[in-house]
Amino acid sequence: MATDTVKRRPQNAQLAVAVTGPTGDLGRALVPALLRSRRIARVVGMARRPFDPKSAGWQRFEYLQGDVADRDAVRELVRGADVVVHLAFAVLSASDATWEINVGGSRTVFEEAIEAGVRRIVYASSVAAYGFRPELPARIDEKQPALGSPEHPYSAQKAAVERALNALLETAGARTQAWVLRPCIIAGPRARTLIEELPYVRAARSLPGPLVRLARSAPLLRPVLPDPGVPFQLVHEDDVAQAFVAAVFGHGEPGPYNLAAPGTLTITRLAHELGWHAIPVPRAALIAGGEALRRLPGAPAELAWVHALRRPVLMRTERAQKLLGWKPRHTALRTLRATIAAARAAGTPLV
Ligand SMILES: NC(=O)c1ccc[n+]([C@@H]2O[C@H](COP(=O)([O-])OP(=O)(O)OC[C@H]3O[C@@H](n4cnc5c(N)ncnc54)[C@H](OP(=O)(O)O)[C@@H]3O)[C@@H](O)[C@H]2O)c1
């Protein structure tokens with residue numbers, strides 16, 4: 001029955017979209033972008049914490065509180081959807097303990113979407129799905145396999161989710177198709193995790209006001225970021241949202257798409273844009289220090305991200321530009337500046 005529904009629907013009909021994780025960094029940019037389109041009939045989103053769509057000014061949006069690990073909740077979410085966008089994931093906190101929620105939860109979303117006969121799944125994978133592997137070329141295109149790095153739980157889980165999605169689609173036949181978007185670090189006025197989660201910023205939140213003011217008035221006391229010399233890419237939340245909207249409408253063809261803004265950044269550039277200092281440090285020393293800390297009992301899961309400094313992982317984005325018609329409007333540097341300005345305006349203690 002679901003197949004008949006899909007077949008009868010004209011290509012330009014309005015779409016009903018279901019989104020997991022609509023309240024995160026990416027969801028807060030994507031949902032308004034979807035709602036701006038007249039070709040979207042309605043959006044229903046699901047995450048675990050309470051959320052009032054009115055507080056975000058979202059019309060034609062219905063919020064369901066639920067967990068992707070709960071099959072009944074997922075079934076309810078995808079019922080009647082033409083397209084399912086899967087964003088929900090434990091990102092910074094990814095660890096061996098999140099395998100079930102990240103990989104198992106994603107599999108549940110895909111299984112239920114396929115069972116409901118949706119036309120398209122749009123999945124937020126990541127540059128990390130490629131892994132931080134020595135054999136990768138200096139600029140990675142989508143022909144490279146997404147093998148992940150076993151030492152980096154987020155990377156390994158992103159790669160495993162892509163494998164699970166491909167396997168499910170192969171066995172399910174060609175009724176549902178998948179667009180797999182692989183952004184680099186997403187930033188922007190709403191997506192401020194890059195800045196908010198810097199260790200100094202986290203620590204400064206608990207510093208007494210006079211100490212923060214002292215650091216502000218004395219440049220020598222400003223934070224110092226260690227720079228292991230690994231360039232990285234950024235992409236603006238609104239540009240990523242545009243790529244997701246194109247995928248929701250089925251532009252291009254199914255398959256993987258890299259997303260990154262023009263230009264690369266360094267930790268030194270990041271530090272200077274914040275008005276901080278940077279010192280070069282040997283990459284091997286930083287990684288060894290991070291690995292040693294990671295083995296301590298009670299070490300935070302976030303330390304696993306030190307592994308991402310092993311080598312630059314920079315992507316080519318011609319496929320998204322050619323097939324999705326994706327034209328990023330913001331360079332990496334402009335994105336960084338917009339993120340820092342928004343963090344300052346929001347009162348984040350950047351000194
Ligand atoms: N941000 C980036 O730089 C970046 C880059 C590349 C790829 N991505 C990918 O893009 C997607 C979205 O990332 P993001 O930055 O928006 O993440 P985020 O800010 O951490 O938001 C995660 C969203 O998922 C929800 N969520 C988490 N676990 C859930 C669960 N078990 N069940 C239901 N909802 C759950 C969260 O809400 P609750 O906590 O209330 O459930 C929130 O809405 C992720 O798949 C991420 O891997 C992000």
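Numbering of ligands and ligand atoms starts at 1, following listing order. Just so you know, these numbers use all the heavy atoms, side chains as well, and skip hydrogens, waters and symmetry mates.
Tyr154 OH, 3.5 Å is the protein heavy atom nearest to atom 46 (C) of ligand 1. In this structure, the protein non-hydrogen atom closest to atom 21 (O) of ligand 1 is Gly24 CA, 3.2 Å. The closest protein non-hydrogen atom to atom 27 (C) of ligand 1 is Arg48 NH2, 3.4 Å. Here the heavy atom of the protein found nearest to atom 15 (O) of ligand 1 is Asp25 CB, 3.5 Å. Of all protein heavy atoms, the one lying nearest to atom 35 (C) of ligand 1 is Ala88 CB, 3.5 Å. Ala124 CB, 3.5 Å is the protein heavy atom nearest to atom 10 (O) of ligand 1. Looking only at protein heavy atoms, the nearest one to atom 16 (O) of ligand 1 is Leu26 N, 2.8 Å. Atom 22 (C) of ligand 1 has as its closest protein heavy atom Phe89 O, 4.0 Å.
Here the side chain of Thr176 pairs a donor or acceptor atom with the backbone of Val118 at under 3.5 angstrom. A side-chain donor-acceptor contact under 3.5 Å links Ser155 to the backbone of Ser149. Panel note: side chain Ser93, backbone Ala90; no donor-acceptor pair is recorded below 3.5 Å.
At a heavy-atom cutoff of 4.0 Å, ligand 1 is contacted by the backbone of Ser125 but not by its side chain.
Below 4.0 Å from some heavy atom of Cys184 lie the following atoms of ligand 1, by number and element: 5 (C), 6 (C). Every atom of ligand 1 with a heavy atom of Thr23 under 4.0 Å away is listed here by number and element: 37 (O), 42 (C), 43 (O). Atoms of ligand 1 lying under 4.0 Å from any heavy atom of Ile101, numbered from 1 in the order shown and given with element: 31 (N). Each of the following atoms of ligand 1 lies closer than 4.0 Å to a heavy atom of Gly66: 32 (N), 33 (C). Of all the atoms in ligand 1, the ones that sit under 4.0 Å from a non-hydrogen atom of Ser126 are 6 (C), 7 (C).
Of the candidates Val240, Ile186, Leu64, Thr193, Ile186 brings a heavy atom nearest to atom 2 (C) of ligand 1. When the heavy atoms of Met46, Lys158, Arg49, Arg190 are ranked by distance to atom 39 (O) of ligand 1, first place goes to Arg49.
Below 3.5 Å of separation, one finds an N or O of Val68 facing an N or O of ligand 1. Ligand 1 has no N or O atom lying under 3.5 Å from any N or O atom of Ala90, backbone or side chain. Considering backbone and side-chain N/O of Val91, none are found under 3.5 Å from N/O of ligand 1.
Heavy atoms of Gly105 come nearer than 4.0 angstrom to ligand 1 in no pair at all.
Using a 4.0 Å cut-off between charged side-chain N and carboxylate O, Asp238 and Arg190 make a salt bridge. Under 4.0 Å is where a charged nitrogen must lie from a carboxylate oxygen, and between Glu115 and Arg79 no such pair does. Comment: Glu162 engages Arg182 in a salt bridge, judged by a side-chain N to carboxylate O separation of less than 4.0 angstrom.
Contacts of Thr266 classified as side chain to side chain contact (heavy atoms under 4.5 Å, CB included), with partners at least two apart in sequence or in another chain: Asp227, Thr268, Arg269. Remark: Glu196 engages Arg192, Arg205, Thr348 in a side-chain hydrogen bond (donor to acceptor under 3.5 Å, both in side chains) (not counting sequence neighbours).
No close placement of the Trp179 and Phe249 rings is indicated, their centers lying 6.0 Å or farther apart.
Taking the six-membered ring for Trp and thresholds of 30 and 60 degrees, Tyr63 and Phe61 have nearly parallel ring planes, at less than 30 degrees apart.
Heavy-atom neighbours of Glu135 CD from other residues, nucleotides or ligands within 6.0 Å: above the threshold of 12.
Here CD1 of Ile185 is found 5.5 Å from CZ of Phe232. Values are rounded to the nearest 0.5 Å.
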